[in-house]
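Written out below as C-alpha cells is the structure these notes cover.
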Number of protein chains: 2
Amino acid sequence: MVNQAESILKSSALSVTSSRKKIIDIFLSASTALAHQDIEKLADQYDRVTIYRTLQTFLERGIIHTIPTTDNTIKYALCSDDCISSGHHHDNHVHFLCDQCGRTLCLDDVMIPVITLPKGYSMKAINMVVNGICKLCRA
Amino acid sequence: MVNQAESILKSSALSVTSSRKKIIDIFLSASTALAHQDIEKLADQYDRVTIYRTLQTFLERGIIHTIPTTDNTIKYALCSDDCISSGHHHDNHVHFLCDQCGRTLCLDDVMIPVITLPKGYSMKAINMVVNGICKLCRA
DNA sequence: TGTAGAATGCAACTTTGTTGCAAAATACTT
DNA sequence: AAGTATTTTGCAACAAAGTTGCATTCTACA
C-alpha cells in the first residue's frame with residue numbers, strides 16, 4: 001500500500017523521506033497556494049533549511065510551481081496531474097489572489113487566452129494573476 | 001525651467017528632494033523595469049531606508065507600479081503618462097521577463113485580453129507576465 | 001545487513017526589509 | 001528674505017528571510 005505522496009516522489013525519482021512526504025501532504029490537503037511561511041508553520045517539526053531545500057527540489061522536478069504575486073511573497077502550489085506527467089511544465093490557468101483573505105486560488109476553469117508577442121520575442125511560460133475579492137469573502 | 005522629474009513630483013503633490021529626483025531620473029533613463037537592488041546601486045549616495053520609503057511613496061501616488069515575477073524579486077517601472085494622469089491606476093499591458101538577460105520589459109503594444117471569472121469573484125487588478133527570450137538576446 | 005550516496009539539522013552568516021528618533025531639508029507665511 | 005511648521009532623511013538597531021558548509025542521520029540498494 002503506497003500513499004499518494006510516496007507515489008509522487010517515486011515518479012519523480014526522489015528518495016522518500018518523512019519531510020518530503022509531510023510537505024506533499026500539506027499541499028494535497030491545502031485548498032490554496034501556500035507561502036514558504038505557511039509550510040514552515042504546518043511542518044514545524046522540520047528545520048527551516050530543509051523546507052527551503054525541499055521546495056527547491058520540488059520546483060526543479062516540476063512537482064510544484066510558483067505563482068507570481070504583486071506583494072513580496074511567492075506562493076507555491078502542486079502541479080496538476082497533467083502538468084506532472086508531461087515532460088514540460090505548463091500551467092495555463094489563471095490564478096486569483098484575494099485582497100481580503102489573502103488566499104491564492106487556482107482557477108482551473110479559466111484558461112489563459114492566447115496572445116501575440118511582438119516580432120523577435122519567444123515565449124516559454126506565461127502567468128496571469130488576478131487580484132480582487134474571492135467568492136467566500138463576498139458571500 | 002523645470003525638469004521632468006520635478007514636474008512629476010509636483011503633479012503628485014510631493015515635495016521635491018534630491019533623492020526623489022534622482023530615483024525618478026533613474027527610472028526615466030532605464031529601458032527596463034528595475035528591482036529595488038538595482039536602484040540601490042544606481043543611487044548609492046542615499047540610504048537604503050530612504051530608497052525603501054521613496055519607492056513606497058511613489059507606489060502609493062501611482063508614479064510607479066510593480067511587476068510580479070516568478071522568482072523572488074519585485075520589479076518597479078514608471079507608469080505611463082496615461083496611467084499617472086487618470087485618477088485610477090491601470091496598467092493593462094503585458095510584461096515580459098527575459099530568462100537570458102534578466103530584463104523586465106513593458107510590452108506597451110500588447111494588451112491584456114479580457115477574461116471571465118467564475119461567479120462570485122470580483123476583479124480589481126490583473127497582471128500578465130510572459131517569460132522567454134527577448135528581441136535583443138535572440139538577435 | 002552493510003554500505004555508498006543522499007538528505008537533514010545545526011550553526012553561522014548574508015541579504016532584505018522595518019521601526020524609532022534626532023538632524024536636516026523643504027515649503028510656506030509673513 | 002528670514003523664520004517656522006512640517007516633511008524627509010540618515011542612522012542605529014532590529015526582525016525576517018534566505019544561504020552555505022559540514023557533521024550526522026537516513027534511504028536505497030546490493
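Below, chains carry the letters A, B, ... as their sequence lines are ordered, and counting in each starts from 1. What's counted below: heavy atoms across the whole structure, side chains too, no hydrogens, waters or symmetry copies. Just so it is clear, the model here is predicted, and its values are computed rather than measured.
- D/dC26 atom C1' lies 12 Å from atom NZ of A/Lys21, rounded to whole Å.
- Nucleic acid contact class of A/Thr57 (heavy atoms, under 4.0 Å, all strands): none.
- Atom CG of B/Asp109 has 12 or fewer neighbouring heavy atoms from other residues, nucleotides or ligands inside a 6.0 Å radius.
- Computed from coordinates, the B/Leu9 CG to D/dT9 C1' distance equals 15 Å when rounded to whole Å.
- In the hydrophobic clustering of ILVMFWY residues, with side-chain heavy atoms under 4.5 Å counting as a link, A/Leu55 and A/Ile26 come out together.
- Spacing between atom NE2 of B/His36 and atom P of D/dG18 amounts to 16 Å, rounded to whole angstrom units.
- Overall, the helix from C/dT1-D/dA30 to C/dT30-D/dA1 carries an axis bend of 30° between its ends, with five pairs at each end and the value rounded to 10°.
- Within the 4.5 Å cutoff, side-chain heavy atoms of A/Ile115 are placed close to those of A/Met123.
- Of the residues in residues 39-50 of chain B, B/Arg48, B/Val49 come within less than 4.0 Å of DNA chain C through at least one heavy atom, sorted by number.
- Sorted by first then second residue, the salt bridge (Lys or Arg N to Asp or Glu O under 4.0 Å) pairs that include residues 17-30 of chain B, not counting sequence neighbours, are B/Glu6-B/Lys21.
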**Message:** Within the 4.0 Å limit for protein heavy atoms, which parts of nucleotides 21-30 of chain C are touched? Write it as a string from 5' to 3', B for base, S for sugar-phosphate only, - for none.
**Reply:** -----SS---
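- Side chains of A/Val110 and B/Thr116 form no contact here, defined as non-hydrogen atoms less than 4.5 Å apart.
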Check: residues 100-107 of chain A side-chain donor-acceptor pairs under 3.5 Å, at least two apart:
unit_1	atom_1	unit_2	atom_2	d
A/Thr104	OG1	A/Lys75	NZ	3.4

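- For the pair B/Leu9 and B/Phe58, the minimum side-chain heavy-atom distance is below 4.5 Å.
- For the pair A/Tyr52 OH and C/dC10 C1', the interatomic distance rounds to 16 Å; values are reported in whole Å.
- If you measure from atom CD of A/Gln56 to atom C1' of C/dA6, you get 17 Å, rounded to the nearest angstrom.
- Residues B/Tyr76 and B/His36 place their aromatic rings such that the two centres sit no closer than 6.0 Å.
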For nucleotides 2-4 of chain C, tabulate all protein N/O to nucleotide N/O atom pairs closer than 3.5 Å, reporting atom names and distance.
none

**Item:** side chain to side chain contact (heavy atoms under 4.5 Å, CB included) assessment of B/Leu97 paired with B/Val130
**Value:** CA-CA 6 Å; B/Leu97 273 84; B/Val130 176; over 6 Å; no
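- For the pair B/Ile51 CD1 and D/dT8 C1', the computed distance is 14 Å after rounding to whole Å.
- Proximity of A/Thr69 to A/His95: side-chain heavy atoms (C-beta onward) are nowhere separated by under 4.5 Å.
- In terms of hydrophobic clustering, with Ile, Leu, Val, Met, Phe, Trp and Tyr side chains grouped at heavy-atom distances under 4.5 Å, A/Leu28 and A/Val16 are assigned to a common cluster.
- Side-chain contact check for B/Ile133 versus A/Lys124: some heavy-atom pair is nearer than 4.5 Å.
- A/Gln37 has a side-chain polar atom (N or O) that falls below the 4.0 Å cut-off from OP1 or OP2 of D/dA17.
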**Asked** Step by step, would you call B/Ile63 with B/Leu14 a side chain to side chain contact (heavy atoms under 4.5 Å, CB included)?
**Response** CA-CA 11 Å; B/Ile63 296 174; B/Leu14 289 174; 3.9 Å; yes
